[in-house]
Enquirer: 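Quick one: the structure is below, questions incoming.
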Number of protein chains: 2
Amino acid sequence: MDLSFAEENYLKAIYHLSQDGTTTVSTNGIAEMLNTKAASVSDMLKKLGQKSVIDYQRYQGVRITESGRKAALMVIRKHRLWEVFLVEKLKFNWDEVHEVAEQLEHIKSPLLIKRLDEFLGYPKVDPHGDPIPDEHGEFVTKPRVALSELPVHSAGTMVAVDDSSPVFLQYLDKVGLNIGAKVEITERIEFDGSLELRIDDERQLFISEQVAVNVMITEL
Amino acid sequence: MDLSFAEENYLKAIYHLSQDGTTTVSTNGIAEMLNTKAASVSDMLKKLGQKSVIDYQRYQGVRITESGRKAALMVIRKHRLWEVFLVEKLKFNWDEVHEVAEQLEHIKSPLLIKRLDEFLGYPKVDPHGDPIPDEHGEFVTKPRVALSELPVHSAGTMVAVDDSSPVFLQYLDKVGLNIGAKVEITERIEFDGSLELRIDDERQLFISEQVAVNVMITEL
DNA sequence: CAATAAACTTAGACAAGGCTAAAAATACAC
DNA sequence: GTGTATTTTTAGCCTTGTCTAAGTTTATTG
Ligand SMILES: [Mn+2]
Ligand SMILES: [Mn+2]
Ligand SMILES: [Mn+2]
Ligand SMILES: [Mn+2]
């Protein structure tokens, strides 16, 4: 049972919106994530329901099934492996990969993805710090927390970003905040939630709460 | 002016059928190459005509325009670069690449193809010996001729195959006839056009005319 | 040069995906 | 709990690409 590009994109959105496939998801939420209209979503939900990749009763929201979760994870696996390829092998910057991976993730060839994984040395995370599911859909997420949720004087290593938009990533490049950096919160401004950070024990950086929400670290 | 997957496939077929874009092409020929029906082709020709990638008047056959030729060559460039990638980097066999490249050739990203070309070291030919157009659509075809068209005692180096179907390529693998091999025609059987060859000055091989037609060499 | 034959195009239908506008169901508020 | 707001679905239409069946046009050939 093969899924079309559109079906794969819907399924991936539903998976992401339901906190990795556990909770129920709304029609409007899907529409917003996919930049489409609720009416189009309703149509598609019917189709996905018939293919048993989601549980759907009208007006009752939607939940991804186990087979749907597997299918979504395979698309996500491909997306992230391609992102690694683009950055590691083709020297793309991490803000340039998402659009292209959005296309590449739909290429159908089990051999291709197996060999790509092998070629890349079985990476565990993509350039944004997100985990790459293995061929069975298994993956481990390192414990991670947003800077915005930590108290002053917390410290850790930056492991991921929660926003892969080019503007955000380009901002991080500009201020030199990259995955792997040592980050310590030296002060929090209560007024606006902005933070003063110390990076790699050698320099100071001020970031807004907007940024802090999207920078994930593992505590030391 | 962006082309859809289907439009790109039609354009590529028209280019190939018209001996690299010079002669006129028939509706039925296109339908056969794309495993579709003549009616579908007629519909598509109207659209491609409106986009000025072909010259089309009903009942008069079709000729690719200069802008259409360029577009077709860019698709072919991508197809062949991906084939090189699959064989050189991902260890695909040359009979396994065509299907996948047929999908990959439609990925839209100028940066991707530029970087892929660079990553591969600017290859000039694909795994089947076909030339890879550069970013301006320029390419050089080494003079090549099918074994079937040469007289007895001709000799040369195998440089390409004219059929990329898995069955044919697997047959060549089985008998050990690969690109780069030295080939000499030691005898031709007039009855059925089959050939006796001497390969790499060290062994004998008999091939049918069907095979000979699809094995291309450059004469020494 | 007429009469088939072959090639090609049009007509009409369908499936996938999408949209707008309108209706129906559910949620929220008083 | 009744009434309005919000969410979701349906109805109807559009585009792309495909098909079959039925015309047209061009080729062939006696
Ligand atoms: Mn996608
Ligand atoms: Mn990513
Ligand atoms: Mn193709
Ligand atoms: Mn090839």
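Order of the sequence lines fixes the chain letters, A, B, ..., with proteins taken first and strands second; residue numbering starts at 1 for each chain.
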Enquirer: Sort and list the pairs that fulfil side chain to side chain donor-acceptor pair (under 3.5 Å) and have at least one residue in residues 13-28 of chain A, not counting sequence neighbours.
Expert: none

Enquirer: Report which part of the nucleic acid A:Ala38 touches: base, sugar-phosphate, or nothing (heavy-atom distance under 4.0 Å, all strands).
Expert: base

Enquirer: Roughly how many Å is it from CG in B:Leu45 to P in C:dT10, rounded to a whole number?
Expert: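 Value for this atom pair: 11 Å.
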
Enquirer: In whole Å, I'd like the distance from the CG atom of B:Asp43 to the C1' atom of C:dC8.
Expert: 12 Å

Enquirer: So, using ring-ring contact (aromatic ring centres under 6.0 Å, His included) as the criterion, who are the partners of B:Tyr171 when residues are at least two apart?
Expert: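 Testing B:Tyr171 for ring-ring contact (aromatic ring centres under 6.0 Å, His included), a comparison that skips the adjacent residues, returns none.
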
Enquirer: As a test of reading the structure: which of D:dT10, C:dG18, C:dC8 is closest to the side chain of A:Ser40, going by heavy atoms?
Expert: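 So the nucleotide nearest the side chain must be C:dG18.
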
Enquirer: Atom CD of A:Glu7 and atom P of C:dG18: how far apart are they, to the nearest Å?
Expert: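 Going from A:Glu7 (CD) to C:dG18 (P), I get 10 Å.
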
Enquirer: Please state how far atom CZ in B:Arg58 lies from atom P in C:dA11, giving the value in whole angstrom units.
Expert: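 Answer to the nearest Å: 11 Å.
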
Enquirer: Check each residue of residues 23-33 of chain B for a non-hydrogen atom within less than 4.0 Å of any atom in DNA chain D, then write out the ones that pass by number, or none.
Expert: none

Enquirer: Nearest to the side chain of A:Thr36 - D:dT18, C:dC19, D:dT10?
Expert: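 The answer is C:dC19, which lies nearest to the side chain.
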
Enquirer: Would you please confirm or rule out a distance under 4.0 Å between OP1 or OP2 of C:dT26 and any side-chain N or O of A:Gln60?
Expert: yes

Enquirer: Under the salt bridge (charged side-chain N to carboxylate O under 4.0 Å, His left out) criterion, do A:Asp43 and A:Lys37 qualify, and how do the steps go?
Expert: CA-CA 10 Å; A:Asp43 286 347; A:Lys37 294 295 146 67; over 6 Å; no

Enquirer: Whole Å only: how far is the CG atom of B:Asn35 from the C1' atom of D:dC19?
Expert: 14 Å

Enquirer: Looking at residues at least two apart in the chain, or sitting in another chain, which of them share a ring-ring contact (aromatic ring centres under 6.0 Å, His included) with A:Phe92?
Expert: none

Enquirer: Excluding sequence neighbours, so at least two apart, what forms ring-ring contact (aromatic ring centres under 6.0 Å, His included) with A:Tyr59?
Expert: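 With neighbours one apart ignored, the set is empty.
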
Enquirer: Would you please classify the geometry between the B:Phe5 ring and the B:His106 ring as parallel, tilted or perpendicular, with 30° and 60° separating the classes?
Expert: parallel

Enquirer: Take B:Gln57 and A:Phe5, find for each the nucleotide of DNA chain C with the closest heavy atom, and name the residue whose nucleotide sits nearer the 5' end.
Expert: B:Gln57

Enquirer: Looking at B:Tyr10, I'd like to know whether one of its side-chain N or O atoms comes within less than 4.0 Å of OP1 or OP2 on D:dT18.
Expert: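 Yes, because at least one side-chain N or O of B:Tyr10 sits under 4.0 Å from OP1 or OP2 of D:dT18.
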
Enquirer: Does B:Lys37 place a side-chain N or O at less than 4.0 Å from the phosphate oxygens OP1/OP2 of D:dT18?
Expert: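 The answer is no; no side-chain N or O of B:Lys37 sits under 4.0 Å from OP1 or OP2.
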
Enquirer: Please give, in whole Å, the distance from D:dT16 P to B:Gln50 CD?
Expert: 10 Å

Enquirer: With a 4.0 Å cut-off on heavy atoms, is A:Tyr56 in touch with a base, just the backbone sugar-phosphate, or nothing at all?
Expert: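 Touches sugar-phosphate only.
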
Enquirer: Among pairs that include at least one residue of residues 86-97 of chain A, which meet side chain to side chain donor-acceptor pair (under 3.5 Å), considering only residues two or more places apart or in two chains?
Expert: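 As it turns out, the side chain to side chain donor-acceptor pair (under 3.5 Å) pairs with a partner in residues 86-97 of chain A, which skip direct neighbours, are A:Trp94-A:Asp173, A:Asp95-A:Gln170.
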
Enquirer: For D:dT24, does the base pair up with any side-chain atom of B:Tyr59 as donor and acceptor (N or O, under 3.5 Å, distance only)?
Expert: yes

Enquirer: Round to the nearest Å and state the distance from A:Leu34 atom CG to C:dC19 atom P.
Expert: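 Value for this atom pair: 10 Å.
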
Enquirer: Is any side-chain nitrogen or oxygen of B:Lys46 closer than 4.0 Å to OP1 or OP2 of C:dT9?
Expert: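 The answer is no; no side-chain N or O of B:Lys46 sits under 4.0 Å from OP1 or OP2.
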
Enquirer: What orientation do A:Phe85 and A:Phe119 show, parallel under 30°, tilted 30 to 60°, or perpendicular over 60°?
Expert: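 Ring orientation, 0 to 90° scale: tilted.
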
Enquirer: Heavy atoms only, 4.0 Å cut-off, all strands: where does A:Ala6 land among base, sugar-phosphate and nothing?
Expert: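 Sugar-phosphate contact only.
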
